[in-house]
Trainee: 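Following this message is one structure expressed as structure tokens.
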Amino acid sequence: MGIDELNKSYEPRDVEEKWYQDWIDKSLFKAEDSSEKKPFSIVIPPPNVTGMLHMGHALNNTLQDILIRYKRMQGFNTLWMPGTDHAGIATQNVVEQELAREGIHRHDIGREKFIERVWQWREKYGGIILNQLKKLGCSCDWSRERFTMDEGLSRAVREVFVRLYNDGLIYQGDYIVNWCPRCHTAISDLEVEYETEATHLWYIRYPYADGKGEIVVATTRPETMLGDTAVAVNPEDERYKDVIGKKVILPLMNKEIPVIADDYITKEFGTGAVKITPSADPNDFVMAQRHNLDIVVIMDGRAVINENGGRYQGQDCYTCRMNVVEDLKKEGYYVKEEPYTHNVGRCYRCKTIVEPMVSKQWFVKVKGLAKTATAAVVKGETKIVPSMWEATYFDWLENIRDWCISRQIWWGHRIPVWYCDECGKIIVAVEEPEKCPGCGNAALRQDEDVLDTWFSSGLWPFSTLGWPEETDALRTFYPTSLLITGFDIIFFWVARMMMMGLYVMKDVPFRRVYLHALVRDEKGDKMSKSKGNIIDPLKMIDKYGADAFRYTLAVFTAQGRDVKMSEARIEGYRHFINKIWNAFRFSMMNLSDYTENSGELKPEDYSLADRWIKDRLNRTVDDVNAALEEYRFNDATSRLYQFTWHELCDWYLELIKPVLYGENTNRKKAAQETLLLVLRETMKLLHPFIPFVTEEIWQKISDNEKSIVISEYPAAKEEWVDGEADLMFAYLKEIITTVRNIRGIMHVPPAKKMKVHWFCPDEAVQHIVSTGTHYIKDMAGLTEFSHLAEKEEEPKGVAVGVAGPVKVYVFLGGMIDIEKEKARLQKEHAKTSTDIKRVSRKLENPDFLSKASGEVVQKEEAKYAELKERNRILIDALGNLSAMAE
RNA sequence: GGGCGGAUAGCUCAGUUGGGAGAGCGCCACGUUUACACCGUGGAUGUCACAGGUUCAAGUCCUGUUCCGCCUACCA
């Protein structure tokens with residue numbers, strides 16, 4: 001392998017596709033249904049089949065890939081189950097739009113043909129996002145890819161529906177639900193987004209039927225008065241005590257409705273009297289049930305006033321609102337209007353204002369399921385990380401309301417309920433019945449509705465493993481080990497999977513849940529198309545490589561913090577990837593004459609540098625493993641950055657250059673062996689984060705192993721621990737840095753070699769420094785680094801530095817710049833003096849001496865002595881300078 | 001209304017049982033040393049939001065305040 005073949009800069013583009021294909025060809029991501037190895041499984045949060053990879057996906061899947069690759073390298077039987085969900089409303093919207101371009105409405109072609117079109121669309125575009133995950137490097141077991149509308153998963157959906165129904169946990173009824181007039185379907189409470197909007201509060205006069213006076217109500221939705229069936233006041237309200245039970249005339253409709261009393265009414269708000277529209281307001285609906293009020297539906301599914309709206313029939317509700325207000329004014333019922341802000345609910349899919357509407361829907365009774373789901377987390381069967389999200393999870397489950405699962409769209413799992421129009425029987429079954437079991441009628445009619453997409457994704461952790469069949473995969477991988485997802489879908493998905501998993505499997509769907517934050521732009525704003533601050537992950541991968549992109553995401557993933565992303569940051573971490581690449585190039589250049597195991601090396605062949613870097617590596621291995629076990633992605637990546645760049649590259653590679661270029665063959669061999677070892681271990685440590693570049697390098701440095709993907713993840717080794725080397729090297733590093741510091745401040749260019757003398761009364765330290773003299777000379781650029789036996793020999797007219805217990809005299813050649821040196825020494829002296837003051841304050845405090853631990857006191861005392869000595873040296877040096885100046 | 005999170009260097013953020021304020025980027029100076037200018041060496045920069053309290057000792061623990069962000073809620 002010649003160095004000429006290696007680019008000076010790392011070029012990700014050629015490399016990434018090559019290795020991804022190789023991994024697939026070698027089937028490295030495949031999980032075993034049954035195995036001797038311990039299982040570790042993650043199910044992907046299935047992206048919408050209509051989706052395109054955005055930053056949120058990129059973060060979510062990068063984190064999953066890091067952990068799954070880590071566990072795979074640790075020897076687990078790992079499964080990362082991929083797939084997509086059918087995204088009922090979103091997908092239907094997309095295909096409807098496609099049809100609209102051809103001038104077709106779905107009703108023109110009918111349900112069956114429409115579904116066919118959706119499947120065609122899915123064939124063509126459905127795989128896009130999964131292919132994008134491959135670009136990111138995701139090591140999913142693609143042979144197991146699932147789709148929520150697959151036959152197997154659909155069967156699971158019907159099975160669960162039937163079980164829930166038979167257990168009395170699913171019911172149908174006329175209730176008020178959130179209705180999206182554009183999507184033309186009911187949606188669940190979670191699918192409504194509230195936004196505060198500026199509007200008005202209208203005051204309207206409702207005259208008493210007996211002609212004696214009137215009651216004034218306040219409303220934000222005057223048009224709904226067409227469906228009013230009562231006016232309500234608080235029973236405690238003195239103003240209205242006498243009118244409870246009286247009738248009022250509903251203006252415009254000319255109809256009598258009662259005045260009722262209900263605790264729900266706040267006396268202080270508005271006039272204390274509220275118009276009640278059970279068909280268009282959730283609170284009014286509940287009140288209507290309490291008081292047995294009529295429910296008059298005044299709108300159709302498109303939010304257009306229907307025949308119950310009298311003269312307003314045919315108007316959409318916003319036009320109707322204007323007309324109602326106009327007519328109220330004309331007819332003398334209008335009192336006033338005030339500016340007012342309140343929350344308006346919008347459909348999370350299409351942002352249309354949601355109408356509360358009464359209609360016949362299917363619901364899941366969730367109270368009991370929610371209790372079980374809560375208990376599982378309380379008992380620790382599932383652990384939520386970071387734990388602060390537990391409170392959110394508990395709170396939501398505690399206040400949960402029944403889940404509306406029916407949707408009035410065509411794309412989705414059709415509700416497995418059939419009606420017999422002959423005898424009125426309702427049949428709930430997994431398989432379509434051929435005839436009515438009651439009367440034998442063969443002409444059965446299936447319920448028109450489909451299920452909420454989240455109903456099927458709630459089953460994802462076991463339906464993807466083959467349930468209701470009792471498969472090996474299910475036995476091996478359920479409960480899954482870990483779920484990684486964004487906190488924003490804790491209710492949509494996490495809580496529902498918990499409920500479904502516990503209900504169906506009698507065990508939690510996952511042992512742990514790691515919730516990550518959102519990706520925002522560099523200013524902390526949410527990324528959105530309308531703001532134009534979107535960063536396209538694919539463009540970033542294309543430009544900087546998947547590795548740089550992934551590393552950036554991981555580095556910024558601190559627990560409980562949003563990830564603020566900018567292109568400049570990704571570019572920054574590309575530099576890191578390039579640094580790794582060049583460390584590799586350097587190694588290749590210096591390993592060409594090295595053959596492994598070509599003879600025994602003795603312990604003394606290994607230099608201090610060799611011993612030191614192995615010790616550092618070992619500590620890094622420890623830290624990275626610990627961080628990954630606790631999902632501290634930022635700690636793991638920062639530590640690896642620090643080690644690779646600032647320990648391996650900045651120090652070790654520089655330290656061994658003289659050995660590699662030198663004549664001592666055993667020393668050189670030891671350095672080469674160490675270099676190769678450290679490089680291999682470092683690549684393995686880095687691989688889960690940056691899979692591509694590490695594989696590219698691994699293939700050239702490994703001992704004919706198949707792939708780094710299945711290499712063994714480094715674990716700390718006793719034999720690498722070397723506290724002595726670490727301690728020794730700390731002294732040498734400090735001396736080197738001190739000399740470099742003086743060189744820098746005095747503007748001595750690196751090419752100009754300097755002469756340095758040193759003095760140290762401590763014999764142990766003397767020994768260490770003497771042993772490391774060659775390192776100091778090489779790393780600080782010195783011609784000479786000689787020891788002074790006696791302090792009296794100290795030279796004059798030199799710069800003086802203090803490196804711990806070691807005093808260094810730097811010969812600057814020619815005349816020393818006295819002013820500059822003076823300034824430098826004075827500054828250091830000032831700093832030391834401040835430190836001395838702080839330390840002595842402590843040591844003079846009897847409370848400190850008596851109450852602080854002996855260890856701490858000792859530390860402070862040592863610190864004091866060291867600082868004192870340093871200051872003495874500095875004062876000496878300053879004195880010498882003044883003497884020179886005279 | 002309820003809940004949660006945040007406030008540390010110019011920017012973005014680490015800081016795990018309380019015991020010498022850190023990193024990355026940016027900035028300044030010097031430097032083309034045959035791995036890397038996507039580089040090297042050195043340097044500067046902080047009332048750790050504010051006010052109290054506990055403690056020998058507080059960025060770290062407690063209480064309160066201010067300002068930001070998010071989630072949640074049925075007040076017309």
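What you are looking at is a predicted structure, and each value in this text was computed from that prediction instead of being measured.
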Trainee: Give A:Phe556 one of three labels, base, sugar-phosphate or nothing, depending on what nucleic acid heavy atoms sit under 4.0 Å from its own.
Mentor: sugar-phosphate

Trainee: A:Leu843 CG to B:G19 P: how many Å, rounded?
Mentor: 18 Å

Trainee: Considering residues at least two apart in sequence or located in another chain, which fulfil the ring pair (Phe, Tyr, Trp, His ring centres under 6.0 Å) criterion with A:Phe633?
Mentor: A:Tyr514

Trainee: Reading nucleotides 68-75 of chain B 5' to 3', which nucleotides get B (base under 4.0 Å from a protein heavy atom), which S (sugar-phosphate only), which -?
Mentor: --S-SBBB

Trainee: Report, as a single string ordered 5' to 3', how protein heavy atoms within less than 4.0 Å touch nucleotides 20-26 of chain B: B base, S sugar-phosphate only, - not at all.
Mentor: B---SS-

Trainee: Identify, with sequence neighbours excluded, every residue that meets ring pair (Phe, Tyr, Trp, His ring centres under 6.0 Å) alongside A:Phe692.
Mentor: A:Trp23

Trainee: Between A:Arg743 and B:G42, is there a contact of a side-chain N or O with OP1 or OP2 at under 4.0 Å?
Mentor: no

Trainee: A:Val15 versus A:Tyr10: any side-chain heavy-atom pair under 4.5 Å?
Mentor: yes

Trainee: Which parts of residues 650-659 of chain A get close to RNA chain B, meaning a heavy atom less than 4.0 angstrom away?
Mentor: A:Asp650, A:Leu653, A:Glu654, A:Lys657

Trainee: Quick one: does NZ or CZ of A:Arg740 land under 6.0 Å from the six-membered ring centre of A:Trp651, within 45 degrees of the ring axis?
Mentor: yes

Trainee: Determine the interatomic distance between C1' on B:U32 and the same-named atom on B:C38; round to the nearest Å.
Mentor: 16 Å

Trainee: Confirm from the modelled atom types if A:Lys579 and B:C36 form a donor-acceptor pair under 3.5 Å, side chain to base only.
Mentor: yes

Trainee: At less than 4.0 Å, is any side-chain N or O atom of A:Lys827 found next to OP1 or OP2 of B:A44? Yes or no.
Mentor: yes

Trainee: In this structure, which stretches of RNA chain B are paired as stems of three or more consecutive Watson-Crick or G-U pairs, both distances less than 3.5 Å?
Mentor: B:1-7 with B:66-72, B:10-13 with B:22-25, B:27-31 with B:39-43, B:49-53 with B:61-65

Trainee: State, without any angle test, whether A:Glu337 and A:Trp202 hold a side-chain donor-acceptor pair at a distance under 3.5 Å.
Mentor: yes

Trainee: With a 4.0 Å limit, can you tell me whether A:Asn582 has a side-chain N or O closer than that to the phosphate oxygens OP1/OP2 of B:C39?
Mentor: no

Trainee: Between A:Glu855 (CD) and B:U17 (C1'), how many Å, whole number?
Mentor: 14 Å

Trainee: B:C13 phosphate, OP1 or OP2: any side-chain N/O from A:Lys564 under 4.0 angstrom?
Mentor: yes

Trainee: Between B:A29, B:A35, B:G31, which one does the side chain of A:Tyr661 approach most closely?
Mentor: B:A35

